[in-house]
K.L.:
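My questions all concern the structure below.
Chain identifiers are assigned alphabetically (A, B, ...) following the order of the sequence lines, protein sequences preceding nucleic acid strands; residue numbering begins at 1 within each chain. Only this structure's heavy atoms are used, side chains among them; waters, hydrogens and symmetry mates stay out.
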Amino acid sequence: MTTPLLRGLNPEQLAAVTLPHESALILAGAGSGKTRVLTTRIAWLIQSGQASPSGIFAVTFTNKAAKEMLARLGALLPINTRGMWIGTFHGLANRMLRAHHREAGLPALFQILDSADQLGAIKRLLKALNVDDEKYPPKQLQHFINGCKEQGLRAQKVEAFDPYTRKQQELYAAYDEQCQREGVVDFAELLLRCHELLLHETALRRHYQSRFQHILVDEFQDTNHLQYQWLKLLAGEQAAVFAVGDDDQSIYAFRGARVGNMADFERDFHVKEIIRLEQNYRSHGNILDAANALIRHNQSRLGKNLWTAEGSGEPIRVFEAHSDYEEAGFIVDEVKALQREGIPLSGIALLYRSNAQSRVLEHALFNAAVPYRVYGGLRFFERQEIKHALAYLRLIGNSDDDGALLRVLNFPARGVGARSLESLQEIARSEGVSLWQAAQLKRLGGKAGVAIQGFSALVENMREACAALPLAEQVEHMLEQSGLLAHYKNEKEGADRLENLNELINAAAAFELEYSREAGEEDVDPLTAFLSHASLEAGEHQAIAGQEALQLMTVHAAKGLEFHAVFLSGLEEGLFPHENSSREKDGVEEERRLMYVAITRARRRLYLSYADSRMLHGQQRYGIASRFLEELPPSLLKRINRDSAPQPMQRPATRAESAGASGWHIGQAVSHPKFGPGIIINSEGRGADARVQVSFSHAGVKWLALEYARLEAV
DNA sequence: TTCCAACTGTTTTTT
DNA sequence: ACAGTTGGAA
């Protein structure tokens, strides 16, 4: 069994890769070669003849991970990726639904709604049903619907014991009807529909169950309930499921991820033994020791301890700043110092808990002329002009898509105002047809009627003209005919948008080329495929290392990446761990895992910093060091002081209120008999009514009445 | 239809 | 602080 494939694997990795045909759980710590194991496993299965490429089903969460897996697989084996089912949960569900749209009860050209589209659809629904959107906020309803779907619950299966939930349930049912009528499917629906397809179509289920003998799952700790059920169904009794995950890196419980799936998996799939990958190839010892020490404070863990063959390296640097300004200044200075040492900027990351924190940092970097790049902005396919263009394309494929029609019926403006639209909607409602069909009835007279007929004719013309054109030319033609190009040419700030629309043509051309090359077994027309691609893959905004710029991102966005040096800023109670997390069950444990992820991003050098005061939501806030700092062994830390001049930047003091004449003031350190030490961060009222808000080290943020609370100055 | 003022909600986010 | 959205007036 000597094959170059297995060379250089450590014993645990080797054991995982060469497991026999049985389900297995691989606990893969940060930097332990997880992706390598996953891809080598697939290559090994194929090379040793245990599986054919078409028998492999490998699923990831992000497109980036899927692409990387394909790329690395290509480097290991000269195999055709055609016929292999490797992709994201949603991508693979889409693929299956396209192939069996009839059985799934969907039109051949069903379109996919992204979150924004979905929210729009819900708002539309509420308006049509005359529901008060103050009482039932669309966002909340969206959350409710997606939550139900992720639990695998259709509207009629939802348990509602109070009137409010019953109403939500009713709206959920109406929403699904609306989607069905319009031939559109949201993200959660892709998975739920696919699950139901396999559940109800026995022949189909058997077919796929016997075909996919090897199912591999990446980032298993991030799966939600529905995804787990789907995998279980697809696996059946026969398939070997190779699940790779790290419970310590589960940071998406807030959006439905269920770490408990790992324990369930162990039981449901009769996992004989969990394989632990604990050797870390990324970081020096001190960094790993800190990460291990921190995560040991979590109660619910499967248990794991990272180690490295490297030395302990440098101590972890800790910096306390007086203000967020000073913190930013410190980081800039250190970045410049690292740069002088020859570390490329792209190898340095600046991490923070929440996006709002990036502003001060950006400001300081800008002033110091340090090039930087912020990840996490608006993505390509989410831009307004692109959404408009896609809406026209969607109408070409499926005119009943009311959401798309509403978006562009009067964009660019063509004289269809709110009133005409209302009449059109009235016709559609009374006839029970889509807006498009209502327009075809030609019942509207006057100017409005003419304008709407003009729009119908426009779309019809586009459809005819596009039928014979290659994809990129379809897009080009549509942009011209719709008047979008002309509109943005006239717009003052339209240059960027025009550029993006141009980029859309390029994207279509690139997609078409790729698509024709690897035409799969279950083809759909290129336009529909392109639209699915646009929804499912909104455009990269995950970090692509490379460009010579400092990398700024949230800790969440940094998962899966590594850097020579990492700055983790804003380590204050209330920020990290975030104050909202203390209200949620196991919230602080998730925050701690987040901190664990942050620490393990660093290869060689790690900076932790916090500020005594910080501007947040337009107010000065006073914080104390994060409890996570105290959970790190002091022996690994080195506190550093700014060696330059004494704090050069002092912001003009904001008006400091005093809580009556009591002598308490904001920023004062205090102690409470029950809650322990804390800092006064706000106050209101005077005399007997005076209350202060205190941020406690361990008890969170509380309002206390001075008359009763036995506060002591420290 | 367009523009501006007032108002709101600010943890993390992929598909 | 601030961006994004909404509602009303022009």
K.L.:
For the residue pair A/Arg98 and A/Phe110, would you count it as a cation-pi contact if the rule is NZ or CZ under 6.0 angstrom from the ring centre and within 45 degrees of the ring axis?
P.N.:
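A/Arg98 over A/Phe110 ring: yes.
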K.L.:
What is the nucleic acid contact for A/Asn410, judged by heavy atoms within less than 4.0 Å: base, sugar-phosphate only, or nothing?
P.N.:
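Sugar-phosphate contact only - A/Asn410 comes under 4.0 Å of backbone atoms but never of a base.
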K.L.:
Using the C1' atoms only, state how far B/dT12 lies from C/dT5, rounded to an integer number of Å.
P.N.:
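After rounding to an integer number of Å, I get 23 Å for this pair.
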K.L.:
Taking A/Asp246 for its side chain and A/Lys34 for its backbone only, find out whether a donor-acceptor pair lies under 3.5 Å.
P.N.:
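The answer is no, because no donor-acceptor pair under 3.5 Å joins these two groups.
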K.L.:
At under 4.0 Å, does any side-chain N or O of A/Arg379 touch on OP1 or OP2 of B/dT13?
P.N.:
no
K.L.:
Identify whether any heavy atom of A/Lys139 sits under 4.0 Å from a base atom; if not, whether one sits that close to sugar-phosphate; answer base, sugar-phosphate or nothing.
P.N.:
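Counting heavy atoms under 4.0 Å across all strands, no contact is made by A/Lys139.
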K.L.:
Just grab all the side chain to side chain donor-acceptor pair (under 3.5 Å) pairs involving residues 115-125 of chain A, residues at least two apart or on different chains.
P.N.:
A/Asp117-A/Lys387, A/Asp117-A/Arg394, A/Gln118-A/Gln142, A/Gln118-A/Asn146, A/Gln118-A/Tyr175, A/Gln118-A/Asp186, A/Arg124-A/Glu182
K.L.:
Rounded to the Å, how far apart are A/Leu531 CG and B/dT15 P?
P.N.:
18 Å
K.L.:
Please give me the minimum heavy-atom distance between A/Leu226 and A/Ala188, naming the atom from each residue.
P.N.:
CD2-O, 4.2 Å
K.L.:
A/Tyr252 ring centre to A/Arg255 NZ or CZ under 6.0 Å, with the angle to the axis within 45°?
P.N.:
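Yes, A/Arg255 lies over the aromatic ring of A/Tyr252.
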K.L.:
How many angstroms lie between NE2 in A/His90 and CG in A/Leu97, if you round to the nearest 0.5 Å?
P.N.:
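Nearest 0.5 Å value for the NE2-CG distance: 11.0 Å.
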K.L.:
Whole angstroms only, please: what is the NZ-C1' distance between A/Lys67 and B/dT14?
P.N.:
13 Å
K.L.:
Take the protein atom CG of A/Leu378 and the nucleotide atom C1' of B/dT13, then report the distance between them rounded to whole Å.
P.N.:
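It works out to 14 Å between those atoms.
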K.L.:
Whole angstroms only, please: what is the CH2-P distance between A/Trp230 and B/dT15?
P.N.:
15 Å
K.L.:
In whole angstroms, how far is the P atom of B/dT13 from the CG atom of A/Asn63?
P.N.:
17 Å
K.L.:
5'-most contact on DNA chain B: A/Ala188 or A/Ala413, nearest heavy atom basis?
P.N.:
A/Ala413
K.L.:
Mark yes or no for whether A/Gln221, through its side chain, and A/Met262, through its backbone, hold a donor-acceptor pair below 3.5 Å.
P.N.:
no
K.L.:
Taking the six-membered ring for Trp, are A/Phe530 and A/His533 parallel (under 30°), tilted (30 to 60°) or perpendicular (over 60°)?
P.N.:
parallel
K.L.:
First contact, last contact: which nucleotides of DNA chain C are these for chain A, 5' to 3', heavy-atom distance under 4.0 Å?
P.N.:
C/dA1 to C/dT6
K.L.:
Starting at atom CZ of A/Phe61, determine the distance to atom P of B/dT15, rounded to an integer number of angstrom.
P.N.:
11 Å
K.L.:
Looking at A/Phe628 versus A/His297, is the centre-to-centre ring distance below 6.0 Å?
P.N.:
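Centroid separation for A/Phe628 and A/His297: 6.0 Å or greater.
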K.L.:
Report each atom pair, protein N/O against N/O of nucleotides 4-12 of chain B, whose distance is under 3.5 angstrom.
P.N.:
residue, atom, partner, partner atom, Å
B/dT11, OP1, A/Asn580, ND2, 3.4
B/dT11, O4', A/His578, NE2, 3.4
B/dT11, O2, A/Arg353, NH1, 2.6
B/dT11, O2, A/Arg353, NH2, 2.5
B/dT11, O4, A/Glu584, OE2, 2.8
B/dT12, OP1, A/Asn355, N, 2.8
B/dT12, OP1, A/Asn355, ND2, 2.9
B/dT12, O4', A/Arg353, NH2, 2.8
B/dT12, N1, A/Arg353, NH2, 3.4
B/dT12, O2, A/Arg353, NH2, 2.5

K.L.:
Please state how far atom CD in A/Gln118 lies from atom P in B/dT13, giving the value in whole angstrom units.
P.N.:
19 Å
K.L.:
Rounding to a whole Å, what distance do you find between A/Asp117:CG and B/dT15:P?
P.N.:
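Interatomic distance, CG of A/Asp117 to P of B/dT15: 15 Å.
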